[in-house]
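What's counted below: heavy atoms across the whole structure, side chains too, no hydrogens, waters or symmetry copies.
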Amino acid sequence: MFNIGGGEILALLVIGMILIGPDRLPNMAADAARLLIKVKNMAQNVTNEIKDNLGPGYEDMQVKDLHPKALIKKHIGDVIDKSDLEVKPKPKIDPEIL
């Protein structure tokens with residue numbers, strides 16, 4: 001996800017030990033983990049609240065479905081016939097004929 005390798009993690013731990021100190025580093029890591037869990041729960045609550053406010057039919061909604069293009073494709077895409085959307089190439093006119 002972040003493309004961080006083992007060397008970078010080790011360097012971050014060493015920098016963390018220098019800046020924060022080895023005795024406070026575990027407490028800071030635990031606080032950071034609690035913060036991430038709290039943010040994740042808040043995001044899940046917002047998603048559930050949006051699902052509840054939208055009403056029935058949106059129980060299987062994902063956050064990525066809220067993008068306008070995805071929403072249109074999901075709910076209107078079945079109505080539109082795909083063959084109507086095909087772009088036909090324009091015929092080329094030979095300039096010598098003119």
- prompt: What distance do Asp31 atom CG and Leu36 atom CG have between them, rounded to the nearest 0.5 Å?
  reply: 11.0 Å
- prompt: How long is the span from the CE atom in Met42 to the OG1 atom in Thr47, to the nearest 0.5 Å?
  reply: 11.5 Å
field: Gap separating the CG atom of Asn53 from the CG atom of Asn48, nearest 0.5 angstrom
entry: 11.0 Å
message: What's the separation between atom CD1 in Ile37 and atom NZ in Lys40, rounded to the nearest 0.5 Å?
response: 8.0 Å
Return a table of donor-acceptor pairs under 3.5 angstrom between the side chains of residues 5-15 and protein atoms on other chains or two or more places apart.
from : atom 1 : to   : atom 2 : distance (Å)
Glu8 : OE1    : Gly5 : N      : 2.5

